[in-house]
Asker: 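Got a structure here, written out as C-alpha coordinates. Questions coming.
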Amino acid sequence: MRIIVAEDREAASECAADIVERFVRSQRRASLGVATGSTTEALYAELARRHQQGGLSFAGVDVYLLDEYAGLDPDDPCRYCSVVQRALARQVDLRRDAVHCPDPDAPDLEGECCRYEHLVRSAPIGLQILGIGSNGHIAFNEPGSSFDSVTRIVPLSEQTRSDNAGFFGDGRPVPELAITQGISTILAAAELLLLACGDRKAAAVAQAVSGPVCEAVPASALQLHPSATVILDPDAASRL
Ligand code: GLP
(Lines give C-alpha, C1' and ligand atoms only; values in the text may rest on other atoms or scores of the structure.)
Protein backbone atom coordinates (compact mmCIF):
# COMPACT_ATOMS: atom_id res chain seq x y z
CA MET A 1 0.00 0.00 0.00
CA ARG A 2 1.31 3.42 -0.93
CA ILE A 3 0.59 6.18 1.60
CA ILE A 4 0.98 9.82 0.62
CA VAL A 5 0.65 12.59 3.19
CA ALA A 6 -0.02 15.86 1.39
CA GLU A 7 0.71 19.32 2.74
CA ASP A 8 -2.94 20.15 3.33
CA ARG A 9 -6.47 19.22 2.30
CA GLU A 10 -6.23 21.06 -1.02
CA ALA A 11 -2.92 19.41 -1.91
CA ALA A 12 -4.46 16.01 -1.05
CA SER A 13 -7.30 16.62 -3.53
CA GLU A 14 -4.80 17.73 -6.17
CA CYS A 15 -2.68 14.65 -5.61
CA ALA A 16 -5.77 12.42 -5.95
CA ALA A 17 -6.79 14.35 -9.07
CA ASP A 18 -3.32 13.67 -10.56
CA ILE A 19 -3.95 9.93 -10.21
CA VAL A 20 -7.46 10.17 -11.70
CA GLU A 21 -6.21 12.37 -14.54
CA ARG A 22 -3.39 9.95 -15.38
CA PHE A 23 -5.88 7.08 -15.41
CA VAL A 24 -8.43 8.90 -17.59
CA ARG A 25 -5.79 10.08 -20.07
CA SER A 26 -4.23 6.61 -20.32
CA GLN A 27 -7.26 4.89 -21.88
CA ARG A 28 -9.72 5.59 -24.64
CA ARG A 29 -12.58 3.95 -22.67
CA ALA A 30 -12.24 3.95 -18.89
CA SER A 31 -14.39 2.61 -16.04
CA LEU A 32 -13.99 4.84 -13.00
CA GLY A 33 -15.50 3.94 -9.63
CA VAL A 34 -16.69 6.99 -7.69
CA ALA A 35 -17.42 7.61 -4.02
CA THR A 36 -19.55 10.33 -2.48
CA GLY A 37 -19.09 12.44 0.63
CA SER A 38 -17.61 15.82 1.48
CA THR A 39 -14.02 14.62 1.00
CA THR A 40 -14.47 13.53 -2.59
CA GLU A 41 -16.44 16.67 -3.49
CA ALA A 42 -13.17 18.65 -3.38
CA LEU A 43 -11.58 16.06 -5.69
CA TYR A 44 -14.46 16.33 -8.17
CA ALA A 45 -14.22 20.13 -8.07
CA GLU A 46 -10.54 19.84 -8.97
CA LEU A 47 -11.32 17.40 -11.81
CA ALA A 48 -13.97 19.83 -13.10
CA ARG A 49 -11.39 22.63 -13.01
CA ARG A 50 -8.94 20.48 -14.99
CA HIS A 51 -11.69 19.75 -17.52
CA GLN A 52 -12.56 23.42 -17.92
CA GLN A 53 -9.03 24.81 -17.86
CA GLY A 54 -6.80 21.92 -18.85
CA GLY A 55 -8.87 20.08 -21.44
CA LEU A 56 -9.16 16.87 -19.40
CA SER A 57 -11.93 14.96 -21.18
CA PHE A 58 -14.28 12.41 -19.64
CA ALA A 59 -15.99 11.62 -22.94
CA GLY A 60 -14.65 8.07 -22.92
CA VAL A 61 -15.31 7.47 -19.23
CA ASP A 62 -18.11 5.54 -17.53
CA VAL A 63 -18.55 6.12 -13.81
CA TYR A 64 -19.95 3.59 -11.36
CA LEU A 65 -21.22 4.59 -7.92
CA LEU A 66 -20.23 2.63 -4.86
CA ASP A 67 -23.53 2.90 -3.08
CA GLU A 68 -26.94 4.55 -2.86
CA TYR A 69 -29.42 5.31 -0.09
CA ALA A 70 -32.73 3.46 -0.11
CA GLY A 71 -36.04 5.11 0.73
CA LEU A 72 -35.46 8.62 -0.64
CA ASP A 73 -37.70 10.18 -3.30
CA PRO A 74 -36.32 9.82 -6.82
CA ASP A 75 -35.70 13.58 -7.05
CA ASP A 76 -34.16 13.91 -3.57
CA PRO A 77 -30.91 15.92 -3.91
CA CYS A 78 -29.29 13.71 -1.25
CA ARG A 79 -29.49 10.65 -3.50
CA TYR A 80 -25.90 9.76 -4.29
CA CYS A 81 -26.77 9.58 -7.96
CA SER A 82 -27.85 13.26 -7.83
CA VAL A 83 -24.72 14.16 -5.90
CA VAL A 84 -22.46 12.63 -8.57
CA GLN A 85 -24.50 14.27 -11.34
CA ARG A 86 -24.12 17.66 -9.64
CA ALA A 87 -20.53 17.40 -8.41
CA LEU A 88 -18.96 15.69 -11.40
CA ALA A 89 -21.09 14.65 -14.38
CA ARG A 90 -22.59 18.06 -15.15
CA GLN A 91 -19.26 19.80 -14.63
CA VAL A 92 -17.40 17.74 -17.22
CA ASP A 93 -18.12 16.11 -20.59
CA LEU A 94 -19.33 12.73 -19.31
CA ARG A 95 -21.85 11.21 -21.71
CA ARG A 96 -25.47 11.36 -20.50
CA ASP A 97 -25.67 7.61 -20.11
CA ALA A 98 -22.26 7.26 -18.46
CA VAL A 99 -23.33 7.44 -14.80
CA HIS A 100 -24.23 4.04 -13.37
CA CYS A 101 -25.75 3.47 -9.95
CA PRO A 102 -27.82 0.88 -8.16
CA ASP A 103 -31.55 1.66 -8.39
CA PRO A 104 -33.09 1.74 -4.90
CA ASP A 105 -36.59 2.00 -6.43
CA ALA A 106 -36.38 -1.29 -8.29
CA PRO A 107 -39.34 -3.52 -7.39
CA ASP A 108 -37.01 -6.47 -6.86
CA LEU A 109 -34.17 -5.08 -4.75
CA GLU A 110 -32.31 -8.39 -4.46
CA GLY A 111 -32.42 -8.72 -8.24
CA GLU A 112 -31.21 -5.13 -8.58
CA CYS A 113 -28.23 -5.89 -6.34
CA CYS A 114 -27.32 -8.85 -8.60
CA ARG A 115 -27.73 -6.72 -11.72
CA TYR A 116 -25.45 -4.02 -10.33
CA GLU A 117 -22.85 -6.48 -9.07
CA HIS A 118 -22.69 -8.03 -12.52
CA LEU A 119 -22.50 -4.63 -14.22
CA VAL A 120 -19.60 -3.48 -12.04
CA ARG A 121 -17.70 -6.76 -12.34
CA SER A 122 -18.02 -6.76 -16.10
CA ALA A 123 -17.08 -3.07 -16.46
CA PRO A 124 -14.47 -3.85 -14.96
CA ILE A 125 -13.38 -0.93 -12.76
CA GLY A 126 -9.89 0.36 -13.62
CA LEU A 127 -9.62 2.89 -10.81
CA GLN A 128 -11.87 2.99 -7.74
CA ILE A 129 -12.03 6.20 -5.72
CA LEU A 130 -12.87 5.66 -2.04
CA GLY A 131 -13.50 7.69 1.07
CA ILE A 132 -13.54 6.28 4.60
CA GLY A 133 -16.15 6.56 7.33
CA SER A 134 -15.13 7.63 10.83
CA ASN A 135 -15.90 4.02 11.85
CA GLY A 136 -13.65 2.61 9.12
CA HIS A 137 -16.40 1.86 6.60
CA ILE A 138 -15.82 1.89 2.85
CA ALA A 139 -18.84 2.55 0.63
CA PHE A 140 -21.55 1.44 3.08
CA ASN A 141 -19.72 -1.67 4.25
CA GLU A 142 -20.05 -1.15 7.97
CA PRO A 143 -17.75 -2.77 10.57
CA GLY A 144 -18.28 -6.53 10.57
CA SER A 145 -18.94 -6.74 6.81
CA SER A 146 -17.46 -9.86 5.28
CA PHE A 147 -14.47 -9.38 3.00
CA ASP A 148 -16.33 -11.77 0.66
CA SER A 149 -19.37 -9.49 0.50
CA VAL A 150 -20.89 -8.42 -2.82
CA THR A 151 -23.51 -5.79 -3.72
CA ARG A 152 -26.36 -6.00 -1.24
CA ILE A 153 -28.86 -4.13 0.92
CA VAL A 154 -27.41 -3.06 4.25
CA PRO A 155 -28.60 -1.31 7.41
CA LEU A 156 -26.60 1.82 8.23
CA SER A 157 -24.98 2.10 11.65
CA GLU A 158 -25.98 4.84 14.09
CA GLN A 159 -22.46 6.28 13.73
CA THR A 160 -22.78 6.56 9.94
CA ARG A 161 -26.29 7.99 10.12
CA SER A 162 -25.15 10.60 12.58
CA ASP A 163 -21.99 11.41 10.54
CA ASN A 164 -24.09 11.88 7.40
CA ALA A 165 -26.95 13.81 9.07
CA GLY A 166 -25.40 17.14 8.05
CA PHE A 167 -26.11 16.43 4.39
CA PHE A 168 -29.83 16.13 5.12
CA GLY A 169 -30.20 19.36 7.08
CA ASP A 170 -33.41 20.57 8.77
CA GLY A 171 -33.71 17.45 10.92
CA ARG A 172 -34.65 15.13 8.05
CA PRO A 173 -33.89 11.56 9.03
CA VAL A 174 -30.97 9.81 7.34
CA PRO A 175 -32.19 6.63 5.61
CA GLU A 176 -31.76 3.42 7.55
CA LEU A 177 -30.94 1.27 4.53
CA ALA A 178 -28.70 1.50 1.50
CA ILE A 179 -27.45 -0.57 -1.40
CA THR A 180 -23.68 -0.94 -1.41
CA GLN A 181 -21.03 -2.68 -3.43
CA GLY A 182 -19.43 -5.34 -1.25
CA ILE A 183 -15.83 -5.42 -0.12
CA SER A 184 -15.08 -8.21 -2.58
CA THR A 185 -16.63 -6.09 -5.37
CA ILE A 186 -14.44 -3.13 -4.41
CA LEU A 187 -11.27 -5.23 -4.17
CA ALA A 188 -11.86 -6.46 -7.74
CA ALA A 189 -10.97 -3.00 -9.11
CA ALA A 190 -7.54 -2.88 -10.74
CA GLU A 191 -6.46 0.11 -8.65
CA LEU A 192 -7.80 1.68 -5.45
CA LEU A 193 -7.43 5.29 -4.38
CA LEU A 194 -8.58 6.26 -0.89
CA LEU A 195 -8.74 9.92 0.05
CA ALA A 196 -9.17 10.98 3.69
CA CYS A 197 -8.91 14.41 5.29
CA GLY A 198 -9.47 15.81 8.77
CA ASP A 199 -8.80 14.60 12.29
CA ARG A 200 -12.26 12.97 12.46
CA LYS A 201 -10.77 10.28 10.19
CA ALA A 202 -7.40 9.89 11.95
CA ALA A 203 -8.27 6.88 14.13
CA ALA A 204 -10.01 4.99 11.31
CA VAL A 205 -7.12 5.70 8.93
CA ALA A 206 -4.55 4.44 11.45
CA GLN A 207 -6.51 1.22 12.00
CA ALA A 208 -7.06 0.76 8.26
CA VAL A 209 -3.49 1.20 7.10
CA SER A 210 -1.39 0.06 10.05
CA GLY A 211 -3.71 -2.08 12.16
CA PRO A 212 -4.55 -5.74 11.67
CA VAL A 213 -6.51 -6.73 8.57
CA CYS A 214 -9.90 -7.55 10.05
CA GLU A 215 -13.57 -7.30 9.26
CA ALA A 216 -14.09 -4.99 12.25
CA VAL A 217 -12.26 -2.36 10.14
CA PRO A 218 -13.64 -2.67 6.60
CA ALA A 219 -11.03 -0.28 5.13
CA SER A 220 -8.23 -2.57 6.36
CA ALA A 221 -9.17 -4.75 3.36
CA LEU A 222 -7.13 -2.28 1.28
CA GLN A 223 -4.01 -3.89 2.74
CA LEU A 224 -4.94 -7.01 0.73
CA HIS A 225 -5.02 -5.13 -2.59
CA PRO A 226 -1.95 -5.17 -4.87
CA SER A 227 -2.39 -1.57 -6.02
CA ALA A 228 -3.86 0.68 -3.34
CA THR A 229 -2.90 4.31 -2.71
CA VAL A 230 -4.02 6.23 0.37
CA ILE A 231 -3.82 10.02 0.21
CA LEU A 232 -4.13 11.93 3.48
CA ASP A 233 -3.92 15.45 4.77
CA PRO A 234 -1.77 15.92 7.91
CA ASP A 235 -4.81 15.75 10.23
CA ALA A 236 -5.99 12.42 8.84
CA ALA A 237 -2.41 11.13 9.09
CA SER A 238 -1.92 12.36 12.65
CA ARG A 239 -2.25 8.94 14.30
CA LEU A 240 0.00 7.02 11.94
C1 GLP B 1 -20.47 7.94 3.05
C2 GLP B 1 -20.16 7.10 1.84
C3 GLP B 1 -18.73 6.62 1.84
C4 GLP B 1 -17.78 7.75 2.16
C5 GLP B 1 -18.12 8.38 3.47
C6 GLP B 1 -17.19 9.52 3.85
O7 GLP B 1 -20.78 7.18 4.16
N8 GLP B 1 -21.03 5.99 1.72
O9 GLP B 1 -18.42 6.06 0.57
O10 GLP B 1 -16.46 7.24 2.19
O11 GLP B 1 -19.45 8.86 3.37
O12 GLP B 1 -17.82 10.74 3.76
P13 GLP B 1 -17.17 12.16 4.07
O14 GLP B 1 -16.16 12.40 3.02
O15 GLP B 1 -18.33 13.12 3.98
O16 GLP B 1 -16.59 12.07 5.42
Side-chain angles (χ1 to χ4, degrees), residues 6 9-10 12-13 16-17 20 32-47 63-72 76-84 86-88 100-102 104 113 116 120 125 127-145 149 151-169 173-183 185-187 189 192-205 207-209 217-222 228-233 235-237:
R9 189 178 276 257
E10 196 184 332
S13 297
V20 177
L32 176 67
V34 292
T36 37
S38 51
T39 317
T40 43
E41 285 206 12
L43 164 61
Y44 301 147
E46 174 60 17
L47 291 173
V63 299
Y64 295 83
L65 272 73
L66 278 174
D67 46 12
E68 180 60 281
Y69 287 117
L72 295 177
D76 193 304
C78 288
R79 293 254 285 224
Y80 279 168
C81 202
S82 315
V83 172
V84 169
R86 256 190 337 264
L88 183 64
H100 307 274
C101 50
C113 291
Y116 196 66
V120 169
I125 306 295
L127 175 66
Q128 175 65 58
I129 299 166
L130 295 165
I132 184 171
S134 65
N135 63 357
H137 76 225
I138 47 173
F140 274 136
N141 292 284
E142 299 282 26
S145 297
S149 54
T151 303
R152 66 203 187 286
I153 304 151
V154 289
L156 300 180
S157 69
E158 280 312 312
Q159 175 74 57
T160 296
R161 293 183 68 229
S162 126
D163 284 352
N164 289 358
F167 293 103
F168 287 80
V174 179
E176 293 181 2
L177 297 176
I179 298 179
T180 184
Q181 287 186 31
I183 294 184
T185 327
I186 293 168
L187 291 182
L192 302 180
L193 168 61
L194 185 143
L195 177 62
C197 296
D199 53 9
R200 207 169 53 82
K201 302 293 175 68
V205 164
Q207 286 185 303
V209 307
V217 184
S220 68
L222 267 71
T229 302
V230 174
I231 300 178
L232 307 168
D233 75 348
D235 287 340

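Whatever order the structure lists them in is the order used to number ligands and atoms, beginning at 1. Heavy atoms only: backbone and side chains are in, while hydrogens, waters and symmetry mates are out. Please read these numbers as outputs of a predicted model, since none were measured by experiment.
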Asker: Which residues satisfy the side chain to side chain contact (heavy atoms under 4.5 Å, CB included) test with N135, sequence neighbours excluded?
Answerer: H137, E142, P143, S157, Q159, T160
Asker: Who pairs with A16 by side chain to side chain contact (heavy atoms under 4.5 Å, CB included), at least two apart in sequence or on another chain?
Answerer: L43, L193, L195, I231
Asker: Can you find a side-chain donor-acceptor pair between R152 and T185 that sits under 3.5 Å?
Answerer: no
Asker: Tell me whether R79 contacts the main-chain N or O of L72 through its side chain, where contact means a donor paired with an acceptor under 3.5 Å.
Answerer: yes
Asker: Might you list the protein residues in contact with ligand 1, defined as having a heavy atom under 4.0 Å from one of its atoms, sorted by chain and number?
Answerer: T36, G37, S38, T39, D67, Y80, G131, I132, H137, A139, F140, N164, F167, R200, K201
Asker: State whether the side chain of Y69 and the backbone N or O of P104 hold a donor-acceptor pair below 3.5 Å, judged by distance alone.
Answerer: no
Asker: For A219, give me all partners under side chain to side chain contact (heavy atoms under 4.5 Å, CB included), at least two apart in sequence or on another chain.
Answerer: I132, I138, A208
